[in-house]
Amino acid sequence: MILFGNISRKGQPREPNEESRLVYPKLYQGTVLSLLRMDNGFLGRVSLRSFSPRELDLIRVKGMLSMPTVEIGEKLIAQGAGENNAPFSLSGTVSDANRINIKLSNLELMTGTNKRQSPRFLVNQPALIFRPELVNSEKKPEACELIDISMTGARIRSRVVYTQDQVLKLRVELYERAGKISFLCQVIRASYNENGLNDYGLLFEELPAAKKKYLREDLDWLAAH
């Protein structure tokens with residue numbers, strides 16, 4: 001069942017002649033979303049139970065014991081992927097919260113996330129980080145989760161502390177049998193969280209033509225699936 005339709009930025013039905021239209025993503029019941037605080041602090045993965053133009057009704061994903069602790073009135077971000085795996089972010093205010101259910105009201109599409117020169121694709125795959133400054137760093141990988149990726153950069157989540165502007169190498173297989181691909185990259189954004197799961201924005205080096213073609217083919221596959 002498709003839950004998102006063509007609605008306005010404030011969550012109201014569109015008028016036929018409304019200008020400055022924004023296209024909301026199409027989602028389905030059971031879609032898994034990432035829930036974050038407004039400072040991008042990661043709270044957890046949640047499942048979409050139902051939707052109305054004014055409210056997201058979120059429940060636990062399979063195997064999850066308890067929903068994250070949030071306060072009534074707190075503003076949060078729900079991130080996910082719509083058609084063609086195109087990422088989106090919705091902000092909303094917590095109107096109800098307990099151990100098995102969180103409801104977000106006053107929904108707004110965060111349009112800044114859709115203005116990237118290179119679209120990002122949600123991946124949520126395990127990946128490895130190597131630190132070039134360490135001797136034999138290829139033998140000492142550090143685990144992370146690749147959240148999303150584009151032609152120019154990526155976002156990872158890790159318990160390891162990296163610093164702003166630190167140079168790293170990211171290695172990942174974007175989907176089964178895709179083959180591993182590596183990127184020399186730099187930390188351009190860091191968000192440190194009390195729960196130990198830190199988020200990092202990575203900027204890739206300018207890729208050589210062959211690797212750029214390889215990455216584009218992988219992203220095309222993600223878009224199609």
Side-chain angles (χ1 to χ4, degrees), residues 25 32-46 68 74-82 84-92 108-134 137 140-175 178 180-208 211-212 214-216 218-223:
V32 175
L33 306 174
S34 293
L35 197 62
L36 303 93
R37 300 194 190 277
M38 294 303 293
D39 63 359
N40 286 321
F42 181 71
L43 289 170
R45 307 288 297 286
V46 294
E74 184 176 359
K75 199 165 185 179
L76 301 176
I77 300 170
Q79 289 184 340
N84 296 322
N85 212 31
F88 69 89
S89 295
L90 283 169
S91 67
E108 292 189 36
L109 182 64
M110 300 177 69
T111 57
T113 59
N114 296 323
K115 293 182 178 180
R116 301 180 185 274
Q117 292 182 346
S118 178
R120 287 186 178 269
F121 296 86
L122 286 181
V123 180
N124 294 320
Q125 288 279 15
L128 296 175
I129 289 290
F130 301 88
R131 299 198 234 183
E133 77 274 12
L134 297 180
S137 65
K140 300 175 182 178
E142 296 165 337
C144 71
E145 182 182 9
L146 176 63
I147 305 302
D148 57 44
I149 190 170
S150 73
M151 288 296 297
T152 57
R155 182 162 61 100
I156 65 168
R157 183 162 295 130
S158 173
R159 294 189 178 277
V160 180
V161 174
Y162 302 114
T163 59
Q164 187 78 13
D165 299 326
Q166 186 171 356
V167 175
L168 305 170
K169 185 163 80 169
L170 171 70
R171 181 178 296 168
V172 67
E173 186 172 41
L174 291 176
Y175 54 90
K180 294 179 181 178
I181 186 170
S182 298
F183 307 94
L184 189 65
C185 49
Q186 187 173 34
V187 177
I188 59 171
R189 187 176 59 259
S191 176
Y192 305 105
N193 300 305
E194 293 180 358
N195 61 10
L197 288 174
N198 308 306
D199 278 21
Y200 301 98
L202 306 179
L203 177 66
F204 295 157
E205 66 172 334
E206 182 61 29
L207 301 178
K211 183 173 285 189
K212 191 175 292 187
Y214 183 18
L215 177 58
R216 170 50 63 196
D218 278 357
L219 296 187
D220 287 346
W221 189 96
L222 289 176

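If you're wondering where the values come from, they're calculated on a predicted model, not measured in any experiment.
- For the atom pair Leu215 CG and Ser150 OG, the distance stands at 8.0 Å (nearest 0.5 Å).
- No side-chain donor-acceptor contact under 3.5 Å links Asn193 to the backbone of Asn195.
- Considering only heavy atoms from C-beta on, Thr163 stays 4.5 Å or farther from Val187 through its side chain.
- Under the 4.0 Å criterion applied to side-chain N and carboxylate O atoms, Arg159 and Glu142 are not assigned as salt-bridge partners.
- Residue Phe130 comes nearest to Pro141 through the heavy atom pair CE2-CB, 3.4 Å, listed as atom of the first residue, atom of the second, then distance.
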Let's go through Arg45 and Leu35 carefully: what are the C-alpha distance in whole Å and the side-chain angles of both, what is the deciding distance for side chain to side chain contact (heavy atoms under 4.5 Å, CB included) to 0.1 Å, and is it a yes or a no?
CA-CA 6 Å; Arg45 307 288 297 286; Leu35 197 62; over 6 Å; no
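- Residues Val172 and Pro126 approach most closely at CG2-O, 3.7 Å, considering heavy atoms.
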Given Ser158 and Asn198, is the side chain to side chain contact (heavy atoms under 4.5 Å, CB included) satisfied, shown in steps?
CA-CA 5 Å; Ser158 173; Asn198 308 306; 5.7 Å; no
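- Across all non-hydrogen atoms, the minimal contact from Gln125 to Tyr175 is NE2-CA, 4.1 Å.
- One distance of note links CD of Gln164 with CZ of Arg189; it measures 9.0 Å at 0.5 Å rounding.
- Between Leu33 atom CG and Leu90 atom CG the span is 8.5 Å, to the nearest 0.5 Å.
- The shortest side-chain heavy-atom distance between Tyr200 and Val160 does not fall under the 4.5 Å cut-off.
- Note that the CG atom of Asp148 and the CD1 atom of Ile156 stand 11.0 Å from one another [nearest 0.5 Å].
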Stepwise, does the side chain to side chain contact (heavy atoms under 4.5 Å, CB included) test hold for Phe204 with Leu170?
CA-CA 9 Å; Phe204 295 157; Leu170 171 70; 4.2 Å; yes
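- Not a single donor-acceptor pair under 3.5 Å links the side chain of Asp199 to the backbone N or O of Arg157.
- Side chain of Tyr192 to backbone of Tyr162: a donor-acceptor contact under 3.5 angstrom is found.
- Of the residues listed (Leu128, Val123, Asn124, Leu202), the one engaging Leu146 in a side-chain contact (heavy atoms from CB on, under 4.5 Å) is Val123, and it is the only one.
- In this structure, Gln186 contributes its side chain and Asp165 its backbone to a donor-acceptor pair below 3.5 Å.
- Remark: Leu207 CG to Met151 CE distance equals 6.5 Å, nearest 0.5 Å.
- Arg37 is listed as a side-chain neighbour of Leu43, based on a closest heavy-atom distance under 4.5 Å.
- In terms of modelled atom types and a separation under 3.5 Å, the side chain of Lys212 and the main chain of Glu206 share no donor-acceptor contact.
- Scanning both residues, Arg171 and Ser182, for their nearest heavy atoms gives NE-OG, 3.1 Å.
- With contacts defined as side-chain heavy-atom distances shorter than 4.5 Å, the pair Gln79/Met110 does not qualify.
- Nearest heavy-atom pair, Ser91 versus Lys75, reported as atom, atom and distance to 0.1 Å: OG-CE, 3.7 Å.
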